[in-house]
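One structure is given below, encoded as structure tokens.
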Amino acid sequence: MADFPRITSVEADIIELPTIRPHKLSMTTMMSQTMVIIKITSDDGIIGWGEATTIGGMTYGPESPEAMKLTIERYISPLLSGKDASNINALMLDINKNVKGSTFAKAGIETALLDALGKRLNVSVSQLLGGAVRIELPVLWTLASGNTEKDIEEAQYLISINRHDTFKLKIGSNEPKKDVAHVVAIKKALGENIKITVDINQAWDEFTAKTWIKVLQENGVDLIEQPIIKTNFDGLARLTEFFHVPIMADEAVATTEDAMKLAKIHGGSVFAVKIMKAGGLYNSAKIAAIADAADIALYGGTMLEGTIGSVASAHVFSTFNKLQWGTELFGPLLLTDDIVTNPMVFKDRQLSVPNSPGLGIEIDTDKLNHFKRK
């Protein structure tokens, strides 16, 4: 009899949850969110849960929900079967050796392994990662109806109930003049005490970015996210040097290698960290360490994950030495329903990081089965 818990099964199911409204990005408009929910069971009876989620099928990145499910079931599951469930480093090393890319699927697997280990040791995931330095995280909200008046009305309501004081605007699908006018109108309506960040999702070339970021800067916009194609590292560095408004690298800083290259040339004054693009929580912490060493600020990003992925992100973000730009872990608030019995707590512009064992959430299996893709 082995003295360590052996993994007995790895399951991956696609679920689809409706959103409270259409969510407009530069590359697509979301009407629902599709997630891959991962369940890892071991012979000690412990179950770990993970989530692998992208945006808009394959419009955002190279992994579709269907591809994640296939990768997990056909290629990752055999690597885990019968192995020591408590040795996450060894398991992830073997997965990375035998499965290239697939960072979203890997992030979901690592999350489930950490959830199970935390339950096994009776500690939270943040404790497994060395401990939280903050128990609450600031959370912004994305205004993405595409309609200026609706966005202003939505923001004013959320300000009035003290849920958010920072708002992101997704632009890039229209002519820059129209998009920038939309942003400026909202900034003026909400006032200088409310922060406005703008995510262009790589939609502009470098010349267009220089032209219109100037206007955004002059009108008090607080942060510019990924204005140009992610591969133009030198362009990000030039924009960072040219403007005093912070330029944030998002899609450009997917991996630890990306973070190192961008840090060397100061390609961005802020890094957006996302567990999905990084391939898990451990890699996210490595990116944060690189940014910290290079005096680059940090922002806790999202792939609009549901509660499992958002809580996993919250655990690792809570361990960062600095988190100057807060987080955008509002994914669960965008959904009309959930698959957990204890939703995340959002209050006074913050979310609370759970301190129960593992991720600190309980799955509602009836809801999971209800929303499972048939």
Side-chain angles (χ1 to χ4, degrees), residues 18-34 53-65 140-155 166-190 195-232 235-236 239 243 245-254 268 272 274 276-277 299 301-305 328 330-331 333-335:
T19 55
I20 59 175
R21 56 156 165 75
H23 192 73
K24 187 176 178 61
L25 300 91
S26 70
M27 76 289 287
T28 189
T29 298
M30 289 174 49
M31 304 300 292
S32 64
Q33 181 57 297
T34 304
T53 295
T54 187
I55 295 173
M58 291 191 73
T59 56
Y60 181 90
E63 292 178 72
S64 67
L140 62 68
W141 178 253
T142 294
L143 302 169
S145 74
N147 179 283
T148 304
E149 292 307 314
K150 282 185 179 179
D151 282 353
I152 292 171
E153 183 179 341
E154 183 177 336
T166 302
F167 297 92
K168 174 190 280 196
L169 293 167
K170 296 277 192 178
I171 64 173
S173 60
N174 301 308
E175 287 296 314
K177 184 176 182 179
K178 181 178 180 181
D179 274 343
V180 169
H182 171 68
V183 174
V184 170
I186 292 172
K187 176 65 178 177
K188 287 182 177 178
L190 300 183
K195 287 185 178 178
I196 295 293
T197 76
V198 173
D199 185 2
I200 296 124
N201 279 130
Q202 312 179 70
W204 293 346
D205 58 40
E206 193 173 341
F207 175 79
T208 302
K210 265 197 171 177
T211 302
W212 291 103
I213 291 174
K214 182 175 183 291
V215 180
L216 293 169
Q217 178 176 272
E218 289 170 347
N219 282 275
V221 169
D222 297 276
L223 178 69
I224 309 295
E225 180 176 348
Q226 198 64 53
I228 59 176
I229 189 73
K230 64 182 181 180
T231 50
N232 188 358
L236 274 177
L239 292 174
F243 293 106
V245 62
I247 306 295
M248 182 161 72
D250 178 11
E251 289 84 0
V253 62
K274 296 178 181 176
M276 293 297 152
K277 63 180 182 177
Y299 174 91
T302 183
M303 291 302 302
L304 299 179
E305 296 99 336
E328 57 175 8
F330 64 87
L333 295 173
L334 192 61
L335 304 172

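For the side-chain hydrogen bond (donor to acceptor under 3.5 Å, both in side chains) test, residues two or more places apart in sequence or in another chain that qualify with T148 are H182.
Contact check for K195 versus D222: side-chain heavy atoms found under the 4.5 Å cut-off. No side-chain heavy atom of M276 sits under 4.5 Å from any side-chain heavy atom of T54. The shortest distance between side-chain heavy atoms of V245 and L216 does not fall below 4.5 Å. Within the 4.5 Å cutoff, the side chain of W212 has no heavy atoms near those of the D179 side chain. A heavy-atom distance below 4.5 Å is found between the side chains of P227 and L236. Side-chain contact between Q226 and I200 is absent, with no heavy atoms from C-beta onward closer than 4.5 Å.
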W204 vs I229, test: side chain to side chain contact (heavy atoms under 4.5 Å, CB included). Steps then yes/no. CA-CA 7 Å; W204 293 346; I229 189 73; over 6 Å; no

Checking L304 against Q33 for the side chain to side chain contact (heavy atoms under 4.5 Å, CB included) test, could you report, in this order, the C-alpha distance in whole Å, the side-chain angles of both residues, the deciding distance, and whether it holds? CA-CA 8 Å; L304 299 179; Q33 181 57 297; 3.5 Å; yes

Do K274 and E328 pass the side chain to side chain contact (heavy atoms under 4.5 Å, CB included) test, and can you show the C-alpha distance, the side-chain angles, and the key distance before you say yes or no? CA-CA 10 Å; K274 296 178 181 176; E328 57 175 8; 4.0 Å; yes

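Note: F167 CZ to I186 CD1 = 10.0 Å, rounded to the nearest 0.5 Å. From E225, atom CD reaches atom CD1 of I171 across 11.0 Å, with rounding to the nearest 0.5 Å. Rounding to the nearest 0.5 Å gives a distance of 8.0 Å between CG of D250 and CD of Q202. One distance of note links CG of L335 with CD of E305; it measures 11.0 Å at 0.5 Å rounding. Summarising the geometry, atom NZ belonging to K177 is positioned 13.0 Å from atom OG1 belonging to T211; distances are rounded to the nearest 0.5 Å. A distance of 5.5 Å separates OG1 in T197 from NZ in K168, rounded to the nearest 0.5 Å.
Residues D151 and G146 come closest through the heavy atom pair OD2-N, 4.0 Å. Residue V253 comes nearest to A272 through the heavy atom pair CG1-O, 3.6 Å, listed as atom of the first residue, atom of the second, then distance. The heavy-atom pair separating M303 from T53 by the smallest distance is CB-O, 3.5 Å. Between G235 and I228, the shortest heavy-atom distance links the atoms C-CD1, 3.6 Å. Closest approach of I196 and V221 over heavy atoms only: O-CG1, 3.5 Å. Taking each heavy atom of K214 and F243 in turn, the nearest pair found is N-CE2, 3.5 Å.
Side-chain contact of E251 with N201: a donor-acceptor pair under 3.5 Å is present, judged by distance alone.
Residue-environment remark: CD (E218) exceeds the threshold of 12 foreign heavy atoms within 6.0 Å.
Ion pair E154/K150 not flagged as a salt bridge, since none of the NZ, NE, NH1 or NH2 atoms sits closer than 4.0 Å to an Asp/Glu carboxylate oxygen.
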